[in-house]
Protein chains: 2
Amino acid sequence: MMEANARGLLVIPALQKARKDPDSMKAKILSAARKIFGQYGFHGTTTRMIASEVGIDISTLHYHWGDKADLYEAVVLDIHDDLRNKLIEVESIIHGRPLAERMKIAIDEMTDFLFDHPEISNLILFRYFGKTRHKSALDIHVPEYVSDIARSMDLCTDKRNVPVSARMKVLAIMNAIHNFISGEDFFRPMLGFERDEYIASVKEILKFLLVPAFVTEKLGVRSQKDERSTISQPPRLR
Amino acid sequence: MMEANARGLLVIPALQKARKDPDSMKAKILSAARKIFGQYGFHGTTTRMIASEVGIDISTLHYHWGDKADLYEAVVLDIHDDLRNKLIEVESIIHGRPLAERMKIAIDEMTDFLFDHPEISNLILFRYFGKTRHKSALDIHVPEYVSDIARSMDLCTDKRNVPVSARMKVLAIMNAIHNFISGEDFFRPMLGFERDEYIASVKEILKFLLVPAFVTEKLGVRSQKDERSTISQPPRLR
DNA sequence: ATTTGCCTCCATCATTTGATGGATTCCTAT
DNA sequence: ATAGGAATCCATCAAATGATGGAGGCAAAT
């Protein structure tokens, strides 16, 4: 069910077809699967839920996507593709601008994008924080695009060797965004916000929280007590 | 299965007993349930997995805790109790100190505590980001202790009326910590860290990221473009 | 020794769930 | 018109899963 293309990236043939024709049954099922898996996670989702969301029989689902785990892997691959494309787009927008501006634009762009596709945040967090009972052959190369972001944020002098501290910073930033997207159903009622107010507040809080750390670091404005602002070199880098 | 005590807090009789005698079968089951539910989530966990972890029959589990959803609610209540107690302890430690110091101590304390009890972070994130297919009568009062933290961090002038922006900041901070705890299995191999190195790095990154925002805000060091550092008043507060 | 109450396990159920075979329908090329 | 293939659904299965009844065991009280 899974192959590797010329660039060594994982490829699922059925996924290619679904992306080529968004009206195809494959694409409809994939879209429904993204939604339901994103809401309930792998074990919380039944193939019947997905089939019923599309309005088809489960056997049709299996016909197009194989078994449940295959479909789930296709979904994960699919959302990572979307995310990677968006990151590339954002990178091209912010390229060359000063750091604070770069961060603010990136936060606005990524927040809007993810609020439009909340299942991306949901599924990524599910993968980070939960275990599944089946072993997945899937190994999305998170480290790689985390390093890419670190480079584009100018967090590292040596472009080929992104320090661990920089990658951790990127993880923290990405997670902070995902949290507010994924947690909307929980946080928004708790805060008494309407949706658009919530989105605006998320952007503001993220900027409030994330920008100062990097900007003051760059300016060297930190207080004397904070001299250890970067982490000592990691024992090994892979 | 659930009652309310004199202070209006939810109470499960069986949970009281389990806490009173940590060697009891009730306590053993609760502990195993925390672990397994924390790893696999509600739907990813089977009662047989928990029973087998304890080394007992599933009927014994049901005898002590009722059905699966009851046990899950007891677990959620239990970890929230632990978390609340720790927060109270931390509050008493940092009381009266300057802001930056308060934050650093709180981050160190909470990080150590949660790395010792990762299922707390796991379960809290599961509740924030995932849906279950059963309706829960459980309504842990997250807003309340979020407001408590905001007060103890001195994020609000009016102690009775914690602004929404302050509560969002607290959410962002708490989530940032939980993320690195829950995501250890995913992030640590990716970064090539040993466990103790990872923990140390998490603390450093959290301080790097979180402290400057609040300290520079307090000092009024922010650049002119950032005058809107607080969010407009919420439409309604509950 | 017997009773009593608590605890545990074995055997068993009913339902849910992932999965498939095979019949049927629909479309297209000939 | 029809042969062939693709797509869909119905019926059904086997395994997993949540749940329970009842027998047995054990310790303390009588």
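In what follows, chains are A, B, ... by sequence order, proteins preceding strands, each numbered from 1.
Across the protein-nucleic acid pair, A/Trp65 atom CH2 and C/dG18 atom C1' stand 18 Å apart, rounded to whole Å. In this structure, CG of B/Leu71 is placed 14 Å from C1' of D/dA19, rounded to the nearest angstrom. Here the C1' atom of nucleotide C/dT15 and the NE2 atom of B/His134 are 17 Å apart, to the nearest Å. Between A/Phe42 atom CZ and D/dA16 atom P there is a gap of 14 Å when expressed in whole angstrom units.
By the ring pair (Phe, Tyr, Trp, His ring centres under 6.0 Å) test, A/Tyr145 pairs with no residue at all, sequence neighbours left out. Residues passing the ring pair (Phe, Tyr, Trp, His ring centres under 6.0 Å) test with B/Tyr72 are B/Phe37, B/Phe42, sequence neighbours excluded. For the side-chain contact (heavy atoms from CB on, under 4.5 Å) test, no residue two or more places apart in sequence or in another chain qualifies with A/Asp116.
The pair B/Asp112-B/Lys203 meets the salt-bridge criterion, with a side-chain N (NZ, NE, NH1 or NH2) lying under 4.0 Å from an Asp/Glu carboxylate O. Under a 4.0 Å N-O distance rule, the pair A/Lys207/A/Glu204 does not qualify as a salt bridge.
The NE2 atom of A/His80 sits 10.0 Å away from the CG atom of A/Leu87 when rounded to the nearest 0.5 Å.
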Can you tabulate the close N/O pairs, meaning under 3.5 Å, that link protein atoms to atoms of nucleotides 26-29 of chain D?
none

Protein-nucleotides 23-25 of chain D N/O pairs under 3.5 Å:
none

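Ring-plane geometry between B/Phe115 and B/Tyr198 is classed as perpendicular, the angle between the planes exceeding 60 degrees on a 0 to 90 degree scale with a lower cut at 30.
As judged by a 4.0 angstrom heavy-atom cut-off over every strand, B/Thr45 is placed among residues touching the sugar-phosphate backbone only.
Side-chain N or O atoms of A/Tyr40 include none that pairs as donor or acceptor with a backbone N or O of A/Thr46 at under 3.5 Å. In terms of modelled atom types and a separation under 3.5 Å, the side chain of A/Lys68 and the main chain of A/Thr45 share a donor-acceptor contact. B/Arg19 places a side-chain N or O within donor-acceptor distance of the main-chain N or O of B/Asp78, the cut-off being under 3.5 Å.
Aromatic rings of A/Phe187 and A/Phe193 (six-membered ring for Trp) have centroids beyond the 6.0 Å cut-off, not under it.
OP1 or OP2 of C/dT20 has not a single side-chain nitrogen or oxygen of A/His62 nearer than 4.0 Å.
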Subject >> Heavy-atom protein contacts under 4.0 Å, nucleotides 5-14 of chain D, coded B base, S sugar-phosphate only, - none >> reply: -SBBBB----

